[in-house]
Structures are given as C-alpha cells and as structure tokens.
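As structure tokens, the structure follows; a few thoughts come after it.
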Amino acid sequence: MALAAFSWQELAQQVVSGLASGGIYASLALALVLIYRATRVINFAQGELATLTTFVAWSLTNHGLNKWVAFPLTLLIAFAGGVALERVVIRPVERAPVLTVVMLTIGLLIGLNGLTAWIWGGETRSFPSLFSTGTVDVGGVAVSYADIGVIGVTLGAVGLISLFFRFTKLGLGMRAVAANPETSPLVGIRVGWMLALGWGLAATLGALSGILVAPTVFLEPNMMQAILLYAFAAAILGGLESPLGAVVGGLLLGVILNLAGRYVPEVGGESRLAVALAVILIVLTIRPSGLFGRTVGRRV
Amino acid sequence: MSALLELRDVEARYGPVKALHGVSLSVEEGSIVAVLGANGAGKTTILRAISNTVRRSGDIVFAGRRLGRAGPDAVMRLGIAHVPEGRGIFRELSVWDNLRLGAYVRRDRAAVAADAERMLGHFPWIARRRGQAAGTLSGGEQQMLALARALMGRPRLLLLDEPSLGLAPLVVREIFRILAELNERDGLTALVVEQNASVALRVSQSACVLEVGRVVLAGPSTELREHDAVRRSYLGY
Amino acid sequence: MRLAWGLRVAAVAAAGLSLAILPFLVGDYRAFELGRMGIFFIAILGLNLLTGYTGQVSIGHGAFMAVGGYTSAILATRCGVPDYLTIPLGGLTAGLAGLLFGIPALRLRGLYLALATFGVAVAMPSIAKHDRLEGLTKGTTGINLPELHSGTWLYGVTWAIAAALFLLAFAIVNSRLGRAFRALRDSEVAASSMGVNPAAYKVAAFGISSFYAGVAGSLYALSNAYVNPDVYFVSLSLFLLIGAVIGGLGSLTGVIAGAAFVQFVPPNASSILDAVSPFAVDSRAPGVPSVILGAALVLVVLLAPTGAGGLLRRISAPLMGRLYTRPGGG
C-alpha cells in the first residue's frame with residue numbers, strides 16, 4: 001500500500017481533530033475516574049447513562065427548545081438522575097464487595113440501553129451541533145469550528161470541576177471522602193451524599209460527552225458503547241486514580257487514534273477499537289497505575 | 001454539676017464478638033477523663049460506641065440528649081470530635097486541607113479563620129508545611145495535626161484515641177502539655193483513651209480502668225495514681 | 001451422606017431419561033430452543049468455572065465463543081471437515097486463545113480484568129471485520145455453513161456434550177485443581193502460602209473456561225448455520241454473565257437456571273412485562289428484553305446475591321443435609 005503523501009499542515013489538522021475527539025473521551029473518562037476514586041468501582045453504565053441523557057437533549061430540542069437552553073437543562077437532569085441512581089440502586093450495596101457493585105452497574109448498562117431503545121426506538125437520528133460548520137485558518141492550518149468548540153467546552157468543564165474541587169467546601173468534602181472514607185464522617189461529612197454528588201457530577205460529564213459526540217457519530221441507543229471503551233482506555237492510560245490523568249489520557253488517546261487511523265494503513269474505522277483494547281492491555285501489563293497514578297498498596 | 005457525657009450500661013459488639021459488657025462512666029464539663037487498660041480491653045470501642053461507628057446498645061447521653069441512632073457525622077455535628085485510632089489523617093490531602101476539614105460543619109467563617117490562627121499558635125510548624133501532603137508528616141506531626149483538626153470544630157467534647165501510640169516520649173509530653181493547657185485555659189472537655197497510664201493520670205482529673213470490656217476501677221486520677229493495682233499493672237512501680 | 005448421594009444419583013438419572021425423550025414430545029422448534037439453551041448452559045458453565053470458582057470476572061466470553069464459532073465455520077467450509085467434528089477443535093482454539101489472553105490477564109486483578117475483557121468483547125466484531133482477516137472471516141458478510149441441522153439433532157448433540165462437560169466441570173471442581181481455584185478466589189496470598197502457584201492456576205482456569213466458551217461458540221455457529229461478527233456482539237458476553245449471576249456464581253447446578261433464563265426470557269420479554277407491569281405499556285417496543293434482563297440482574301444482585309443456586313441450596317439444605325462443604329457460600 002502506498003504511503004499517503006505527508007504534509008505538516010495535515011499532521012497538525014489530524015492532531016487538532018484528535019484532540020477534539022480526545023476531549024470527548026476525556027470527559028467520559030473523568031466521569032469514570034470520579035466514581036472510581038470515591039468508591040473503587042468502575043461504572044460500566046456510564047456510557048449508557050450518557051446516551052439516555054443525550055436522547056433527553058434531543059427530545060428537548062425537538063420540542064422546539066433552543067439548544068442553548070436545552071443542553072444546560074439536560075446537564076441538570078443528568079445530575080439529578082445520577083444522584084437518584086446512586087441513592088436508589090447503589091446505596092444498598094455501599095458496603096458490598098466491589099465486584100458486586102460492578103455487576104450491578106453492568107445490570108444498569110443493559111437496562112438503561114434497553115430503556116433508551118424502548119423510549120426512543122432503535123433508529124439513528126441526527127443531532128444538532130453546538131457549533132457552526134466551517135473552518136478557521138490558524139497559522140496555515142484549517143481548523144474546524146466544531147473541533148475548537150469541543151476542545152474549548154471540554155477544557156472549560158474540566159477547569160470548572162477542578163476549581164470546584166479546589167475551592168469549595170463540597171469539593172473539599174468529596175476529596176476527603178475519596179482520601180479516607182472511614183474518617184470523613186468523624187469530621188461531620190455526610191459520606192453517602194458525597195458519593196451521590198459524585199455520581200451526579202459523573203452523569204453530568206457523561207451527558208456533556210454525549211452531547212458533544214452525538215453530532216458526529218449520530219444518535220442511537222448503542223452510540224456510547226465504543227466511546228465507553230475509549231474512555232476506559234483513556235482512564236487507564238492516565239491512571240484510574242487521577243483526574244488529571246483522565247484528561248491527559250483522553251486527549252492523548254484521541255491524538256493516537258487519529259494519527260494511527262491516518263498514517264497506519266492497518267488502522268481505520270472500527271479497528272480503532274482494537275487499538276484502544278491494545279492500549280488497555282499494554283498499559284495494564286506494563287504500568288497498571290497509568291501515567292499519572294501512583295503505585296499505591298492495594299486496599300484490602 | 002451534671003455530666004456533659006454519660007454512658008449507662010453500654011454494650012458493643014463486632015459481629016458475634018462482644019467488646020463492651022455494660023460500661024458506665026461520665027465526663028464532667030471542663031474535665032479530662034482518662035480510660036486506661038491493656039490492649040484489647042475495649043478502650044477504643046468506648047469511643048467508637050460514642051461516635052456510633054460500632055454496633056452498640058445502652059444509653060449514651062450527651063448534654064442532656066440521648067444520642068440514639070445519630071450517625072457518626074450527626075454525632076460530630078452535636079459537638080463531639082473524635083480523633084480515631086491511628087489518627088485518621090487524610091493522607092493525600094494537604095496539611096491545610098486537613099485542618100480546614102476540622103471546621104467542615106461550621107459556617108462562621110471569621111471565627112474559623114481566628115481558630116486556624118490559634119492552632120498555628122499551638123503548632124507553629126503547620127504554617128510552614130501547609131501545602132505538604134499530610135501523609136508525608138512524621139507520626140508526631142500527624143497526631144498534632146489530628147488534634148488541631150478536631151479542635152477546629154470547636155467541640156464541646158474531644159474523644160482522643162491513644163495519642164501516644166508509636167510516638168517518642170518527648171512528643172508524647174508535648175501533646176499532653178498542649179492538652180492540659182487547653183483544658184486549663186479554655187475549659188476543654190476530653191475523654192482520652194490511653195495505654196500510657198502515667199502521662200494520662202497526670203493530665204486527667206478522673207480516670208477509669210477497663211478490663212475485658214468492663215470498668216473495674218474508677219475514681220479521681222490522684223487516687224488512682226496511688227492505687228496498688230494500678231501502680232503494679234499500669235504504672236510499673 | 002450415603003442416602004443423599006443415592007438421592008442425587010436417582011435425581012440425575014431421572015432427569016437424564018426425561019431429557020432424552022423430551023425432543024420427541026415437544027416438536028422440532030422447541031427442541032431447537034432447548035438445544036440453544038444447552039449452548040448457553042455450556043458457555044455459562046465455563047464462565048462459572050472462571051468467575052465463580054477462581055474469582056476472575058470475564059465480561060468478554062462472547063469473544064471466545066466467536067473464536068470457536070469462526071474456527072468451526074472455517075474448518076467446515078475450507079477444509080471440508082464434517083461440522084460436528086469441528087466442535088472440539090473450536091473449543092481447543094478458543095481454549096488456546098484463552099490461555100494466551102490469560103497471560104497478560106495475570107497481572108490484572110478483579111476490576112482491571114473485567115475492564116480488559118469488556119474491551120475484548122467490544123473490540124471483537126471490529127477485529128473479525130478487519131481487512132487483514134477478511135480472507136478468513138469474510139468480513140461483515142460472514143460465513144455460511146454447509147448444513148442446517150434439525151432442532152432434534154441440535155438438541156441431542158448439544159445436551160450430550162453439555163452432560164459430558166458438566167461431569168468434567170464437576171470433576172474439576174472436586175479435584176485438587178478445583179480446591180486450588182477456590183483457594184485462589186478466597187485469598188491469593190493464603191493460596192500461594194499453601195503451595196498453589198497463582199499464575200499457573202489462573203491461566204489454566206482461563207484456558208479451561210475459554211474451551212467451554214469455544215465449544216458453545218461452535219455449537220452456536222452450527223445452530224445458526226452461519227457466523228458473522230454481529231452474531232457474537234457485546235450483548236452475548238453480557239448475557240452469559242447475567243446467566244452466571246442468576247444461576248449463582250460458584251454453583252454448578254444453578255447454571256441450568258441461568259441458561260434457561262438467558263434462552264427464554266428475552267424472546268418472551270413482552271409477555272413478562274405485560275404480566276408484571278401495572279400500567280399499559282408498549283411491551284413490544286425494541287429494548288424491552290434488555291430492560292427485563294438488566295432489571296433482573298440488578299434485582300438478583302440486590303436481593304439474592306447467591307442466585308438460583310444459592311436459593312436451591314438454602315431450600316434443599318434441610319432435606320439433603322450438608323451436601324456441600326460451603327453451605328450458602330460463594
């Protein structure tokens with residue numbers, strides 16, 4: 001196979017659009033990491049939750065709501081849904097072994113996927129983009145508004161969340177619960193509500209990733225399945241413990257997949273999934289704590 | 001004068017194992033009460049029973065109110081600060097965050113800031129290390145940080161679990177000196193569980209001795225210091 | 001003890017006899033359905049050996065079924081091997097794949113393994129469709145097998161194999177190997193101090209379990225008379241896990257309930273929903289089977305974490321005495 005002609009402009013373009021898809025993986029990965037840090041649980045239903053809320057956004061816009069109203073409203077709904085799910089379904093198994101909780105999230109994955117198909121049907125729909133089409137010239141490189149927008153929105157969301165954790169009392173409480181759930185109640189923190197809040201934030205981030213990705217992959221009940229795998233790969237690449245790692249891992253993975261898709265003839269379309277799987281296996285085998293995770297003794 | 005805290009016939013169990021067999025004791029406002037006893041006597045369990053982190057039965061009355069089913073966070077909000085066994089430091093968080101967490105439930109920002117200044121007066125090193133991860137502190141520093149964190153909540157009652165554990169004698173003396181000072185100057189009330197009986201009996205006004213989940217001896221600390229059995233088993237002379 | 005064993009043997013014999021005459025009573029289509037249930041039985045049995053007995057969770061066993069299925073299809077179409085002879089080969093190929101995957105998986109505990117196997121399940125269809133393999137797998141189109149068998153044939157073959165594999169599983173569980181597996185599940189540290197080499201046994205468990213999945217995958221291909229990447233989609237892996245949980249992890253007899261659930265609940269989901277729903281709902285909409293399956297999994301985890309096997313054990317315990325060394329456990 002002939003190697004495609006190489007140009008620096010194109011490389012830059014590929015990197016930028018890789019960063020854009022990476023931003024989407026990053027927000028879902030961050031959602032996974034938030035829950036993992038607080039409870040040591042991987043939420044397999046994170047993607048389906050995102051799909052469901054993206055459908056809610058679709059319905060809202062379809063009923064004539066302006067997307068700048070509908071999307072923030074969706075994020076609020078997602079937050080409430082995440083909190084409710086934690087209180088109702090996860091709370092009863094709070095003290096159960098991690099794998100029991102994981103099994104439960106797999107049940108949620110299947111159930112929510114079915115629920116979405118039940119309510120909205122299985123067909124594929126187009127989804128309005130937040131950003132206008134067209135490109136802008138940045139130093140000789142044509143960059144699409146959509147890519148800039150997605151990168152901007154995800155970085156903005158990540159920034160807001162880190163400010164929340166650093167400077168608010170609730171954020172402090174959530175960090176405390178992640179660091180030491182046994183002592184937290186002794187300083188007056190309501191641990192259960194912090195966990196619910198974590199689920200709420202995670203669901204919000206997931207909804208954001210769904211809204212950002214839907215215009216490109218189109219909206220359908222299985223939309224987030226592949227994205228969830230990418231988010232897993234991103235979170236593991238960055239280190240499941242580290243929110244910063246999730247973001248960097250997401251962006252990095254986006255760029256890796258995009259460049260591999262463009263310059264490695266073997267990789268294209270769906271086989272990116274195999275690349276993500278390879279990333280997971282390689283990182284877990286060589287450096288299980290990821291790029292930013294510390295190798296901490298396992299909790300028994 | 002009525003007691004600030006009163007335990008009546010408190011029992012506690014870990015699964016099928018009973019750790020407390022009907023313990024009664026009381027803590028007067030403004031006093032330090034020491035609980036002495038060997039390893040496994042149930043000292044820690046008394047504190048855990050108060051903050052409701054162990055399954056318990058019996059009456060626990062704090063400031064005229066039965067604690068009942070109040071969870072550990074609610075107990076803390078009532079004004080009981082518990083420095084648990086092993087200090088319960090938030091290792092990954094900064095020293096300053098640990099201190100701030102002590103005032104987590106307080107809303108009086110200005111007073112919190114003033115209290116933080118006061119803590120820096122007691123523990124000047126905190127100012128220099130405020131950004132450092134608390135897990136990197138030495139054992140003595142962690143104990144002091146845990147104490148400072150508890151005091152930041154302006155508790156009416158402080159529960160202190162083995163503050164001397166694993167610390168050098170000099171550090172232990174420093175911690176108990178600060179405790180005595182707070183007691184004398186600010187009228188701090190505390191229930192201190194301690195294996196090191198000689199230090200504990202020096203700062204406390206009254207004490208009790210726990211053996212296999214039962215109080216076997218109680219009285220003013222000065223008297224207990226002279227008690228033969230206490231001298232033989234706990235003071236070693 | 002002796003009485004209990006006698007009862008047990010009699011029960012197994014009676015069950016075996018009624019199973020043998022069953023397809024002639026219910027007709028070919030029902031026999032086909034029961035045959036498909038047997039396929040799930042085999043796959044869930046294998047998954048249960050891995051998850052229930054060594055404590056390693058796999059959310060990717062559908063992928064190992066795919067390996068078995070593709071092996072069968074390729075051998076039958078290209079090499080002219082009679083299709084029933086490809087079944088053990090499908091099992092062996094999948095077992096080999098499982099061993100290979102088991103090696104990197106060694107370093108992965110619990111959650112990480114679940115993640116990695118989930119990745120395998122999601123990525124498998126795209127691997128089967130990949131250009132490099134297209135000559136072998138025929139890409140998206142898939143491969144048609146030469147012969148479509150009757151339901152009765154499928155029933156007979158599947159359940160004969162299932163019975164043999166059940167006995168094998170029973171033997172494994174009660175052998176030194178099985179004890180080593182359980183020791184690993186309960187505490188890896190304790191197991192290695194007893195002289196159990198965790199690495200070897202974990203890889204072995206993965207291999208054995210994948211062999212079961214491969215056999216099931218071959219039978220699955222034979223039952224459809226075709227394979228394509230979407231036959232073995234992510235949900236298949238999830239179905240198996242649901243079956244294992246509902247049957248009860250660590251319970252071999254519960255597997256039958258898990259298999260029946262996975263085979264019969266999804267197609268009948270709409271009638272189940274009509275029966276349990278207090279409201280008039282559109283029970284024929286897509287997604288209803290998944291809702292039922294997901295809800296069942298959630299409810300079992302919340303309300304009966306030991307699954308059907310655990311319930312059975314609790315009910316039969318007073319009657320049969322201590323048949324199991326770990327009553328109510330695992």
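Here the structure is a predicted model, which means the values were calculated and not measured. Proteins get letters first, then strands, A, B, ... in listed order; numbering begins at 1 in each.
- A distance of 11.5 Å separates CD1 of Ile80(B) from CG of Leu186(A), quoted to the nearest 0.5 Å.
- Separation of atoms CD (Glu92(B)) and CZ (Arg175(A)) is listed at 11.0 Å; rounding is to 0.5 Å.
- Only the backbone of Arg106(B) comes within contact range of chain A, judged by heavy atoms closer than 4.5 Å.
- Arg190(A) places no side-chain N or O within 3.5 Å of a backbone atom of Asp73(B) that could act as its donor or acceptor partner.
- Atoms OG and OH, from Ser184(A) and Tyr104(B) in turn, are 9.0 Å apart once rounded to the nearest 0.5 Å.
- Looking at Asn180(A), its side chain does come within 3.5 Å of a backbone N or O of Ile89(B) through a donor-acceptor pair.
- The environment of Glu85(B) atom CD is sparse: at most 12 non-hydrogen atoms of other residues, nucleotides or ligands sit within 6.0 angstrom.
- Summarising the geometry, atom CG belonging to Leu101(B) is positioned 5.0 Å from atom CD1 belonging to Ile189(A); distances are rounded to the nearest 0.5 Å.
- Neither the backbone nor the side chain of Ala74(B) comes within less than 4.5 Å of any heavy atom of chain A.
- At a threshold of 4.5 Å between non-hydrogen side-chain atoms, the residues Asp97(B) and Arg166(A) do not count as touching.
- The number of heavy-atom neighbours closer than 6.0 Å to CH2 of Trp96(B), taken from other residues, nucleotides and ligands shown, is above 12.
- Annotation: maximal heavy-atom pairing with chain A below 4.5 Å, among Met152(B), Arg149(B), Arg91(B), occurs at Arg149(B).
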